[in-house]
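Computation of the quantities below employed the complete heavy-atom set of this structure, encompassing side-chain atoms and omitting hydrogens, waters and symmetry-equivalent molecules.
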Amino acid sequence: MKSEKIRASLWGLISGVYLMTAFVNPYDREISLSEVILQLSGSRGSFVMGCSLPELLSYMLRMLPCYAVSMIWGIDLYHHFCTAGVYVFSRCTNRLKWYRSILISLFVKVCIFETVLTGTVILLSSFCFRVKFRQDGLIILGCHLSVFFLWNFSWILLMNLLALISGSSMAAVVVMGIQTIGLAGLGIAGFLETRHASNLMIEKLVQLNPISCTVLGWQFEGTYSMKSTHALLFLTMCCIVVIITGGILIHRSELLTDNREMEMM
């Protein structure tokens with residue numbers, strides 16, 4: 001477990017250096033903590049992210065660390081499922097206790113990764129620029145960490161559960177496919193904006209898209225009538241659903257004797 005924490009910290013450090021270098025670039029060498037945090041989810045300076053193609057591509061680049069850890073830990077945990085399969089699915093009398101230990105381990109790693117990532121961005125920004133720490137920045141920081149704890153944890157766990165059913169390759173395709181569809185949905189919203197479509201229709205299209213929960217600029221600027229409380233509640237509910245579904249799957253699954261990877265070939 002200690003080595004896994006070290007690896008999570010290392011990934012967070014590398015990701016933080018990448019995000020700060022690429023996306024935190026204030027014009028006058030002075031920036032508030034709130035602006036530093038908002039840069040991590042699509043904002044550009046004081047401008048909130050929109051739904052145009054260039055802005056969505058920039059958003060994808062900011063989300064690369066999240067995609068990377070989803071692929072790494074998704075496959076990593078699935079391998080753990082397979083390695084422990086004989087014990088867990090045939091000899092373990094309390095599968096849910098084993099499942100709970102896996103959930104705790106995963107959540108701890110996700111928290112370490114995201115905390116180190118965000119801390120690295122803030123620390124490097126403080127060295128390079130004059131960062132103004134205010135109460136609103138601390139609130140946004142807390143919201144950012146909460147959103148991405150839940151976001152990364154849910155997707156990584158979902159990928160592992162899908163891997164138990166269809167193999168790791170198909171699970172990765174499904175998870176990344178869903179997120180790509182979500183981005184396409186934001187692109188549609190941007191297209192409708194250029195065609196001066198109904199604001200209500202655009203707002204509903206954005207609000208019903210899970211990816212919108214990660215764009216903190218929309219929540220704190222009131223864009224598309226997004227609220228941070230709603231985003232956190234939605235992500236929490238999704239996380240609970242995935243956890244419960246996983247518990248049911250682990251409880252009912254038989255011994256993993258089939259080669260899921262070969263079945264997909």
Side-chain angles (χ1 to χ4, degrees), residues 8 11-12 15-16 18-20 23-24 32-44 48-51 55-56 58-70 73-74 103 106-122 125 134-159 175-176 178-183 185-186 189 203 205-243:
W11 279 114
S15 300
Y18 158 69
L19 289 174
M20 184 274 164
F23 301 109
V24 182
S32 66
L33 176 61
S34 59
E35 288 180 332
V36 171
I37 302 304
L38 292 176
Q39 309 309 301
L40 305 182
S41 58
S43 295
R44 295 169 292 110
V48 178
M49 171 181 149
C51 290
E55 288 171 302
L56 292 179
S58 177
Y59 168 87
M60 287 182 62
L61 293 175
R62 296 164 203 252
M63 294 293 285
L64 281 178
C66 293
Y67 299 150
V69 295
S70 293
W73 286 334
L103 293 180
L106 173 60
F107 190 72
V108 168
K109 289 198 299 183
V110 169
C111 289
I112 291 174
F113 164 76
E114 193 59 46
T115 301
V116 172
L117 182 157
T118 307
T120 300
V121 171
I122 295 173
S125 298
R134 295 195 298 258
Q135 184 177 3
D136 61 335
L138 296 176
I139 293 174
I140 293 176
L141 172 61
C143 185
H144 169 84
L145 290 174
S146 299
V147 164
F148 280 91
F149 288 163
L150 295 169
W151 177 262
N152 289 324
F153 177 79
S154 298
W155 282 115
I156 294 171
L157 179 59
L158 178 61
M159 184 180 295
V175 167
M176 298 310 298
I178 293 173
Q179 296 197 43
T180 301
I181 292 172
L183 279 172
L186 295 182
E203 285 183 358
L205 184 62
V206 172
Q207 291 170 5
L208 293 174
N209 194 327
I211 288 182
S212 302
C213 296
T214 65
V215 186
L216 268 68
W218 293 349
Q219 299 166 28
F220 287 92
E221 295 293 334
T223 310
Y224 303 116
S225 300
M226 294 284 295
K227 295 182 178 179
S228 58
T229 52
H230 292 172
L232 286 171
L233 179 60
F234 176 78
L235 289 175
T236 300
M237 291 176 61
C238 290
C239 189
I240 292 172
V241 169
V242 174
I243 289 173

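Between the CZ atom of Phe149 and the OG1 atom of Thr236 there is a distance of 12.5 Å, given to the nearest 0.5 Å. For the atom pair CD of Glu203 and CE of Met226, the computed distance is 10.5 Å after rounding to the nearest 0.5 Å. Taken from CG in Leu235 to SG in Cys213, the straight-line distance is 4.5 Å, to the nearest 0.5 Å. A distance of 11.0 Å separates CG in Leu64 from OH in Tyr59, rounded to the nearest 0.5 Å. Residue Ile178 holds its CD1 atom at 9.5 Å from CE of Met159, rounded to the nearest 0.5 Å. Here CG of Leu38 is found 4.5 Å from CD1 of Ile140. Values are rounded to the nearest 0.5 Å.
Within the 4.5 Å cutoff, side-chain heavy atoms of Glu114 are placed close to those of Thr118. Using a 4.5 Å heavy-atom cutoff, the side chains of Leu205 and Asn209 are not in contact.
Residues Ala231 and Gln219 come closest through the heavy atom pair CB-NE2, 3.6 Å. Between Ser43 and Gly217, the shortest heavy-atom distance links the atoms OG-CA, 4.1 Å. Between Met49 and Gly42, the shortest heavy-atom distance links the atoms CB-O, 3.3 Å. Between Ser41 and Leu216, the closest heavy-atom pair is OG-N, 3.3 Å. Leu150 approaches Leu232 most closely through the heavy-atom pair CD1-O, 4.2 Å. The heavy-atom pair separating Ile112 from Ala8 by the smallest distance is CG2-CB, 4.0 Å.
For the side-chain contact (heavy atoms from CB on, under 4.5 Å) test, residues two or more places apart in sequence or in another chain that qualify with Val121 are Leu19, Met20, Val24, Val36, Leu40, Leu117, Ser125. The salt bridge (charged side-chain N to carboxylate O under 4.0 Å, His left out) test applied to Glu55 returns Arg44, not counting sequence neighbours.
In this structure, Tyr224 has its ring center closer than 6.0 angstrom to the ring center of Trp218.
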- Message: I'd like to know whether Phe107 forms a side-chain contact (heavy atoms from CB on, under 4.5 Å) with Leu157, so could you lay out the CA-CA distance, the side-chain angles of the two residues, the decisive distance to 0.1 Å, and finally the verdict.
- Response: CA-CA 10 Å; Phe107 190 72; Leu157 179 59; over 6 Å; no
Q.
I'd like to know whether Phe220 forms a side-chain contact (heavy atoms from CB on, under 4.5 Å) with Ile139, so could you lay out the CA-CA distance, the side-chain angles of the two residues, the decisive distance to 0.1 Å, and finally the verdict.
A. CA-CA 10 Å; Phe220 287 92; Ile139 293 174; 4.3 Å; yes
message = Between Thr223 and Val215, is the side-chain contact (heavy atoms from CB on, under 4.5 Å) condition met? List the steps.
response = CA-CA 10 Å; Thr223 310; Val215 186; over 6 Å; no
* Does the pair Met237 and Leu233 meet the rule for a side-chain contact (heavy atoms from CB on, under 4.5 Å), with working shown? -> CA-CA 6 Å; Met237 291 176 61; Leu233 179 60; 4.2 Å; yes
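Side-chain atoms of Ser212 come within 3.5 Å of backbone atoms of Val206 as a donor-acceptor pair (strictly under, hydrogens ignored).
Classified by interplanar angle (parallel below 30°, tilted 30° to 60°, perpendicular above 60°), the ring pair Trp151/Trp155 is perpendicular.
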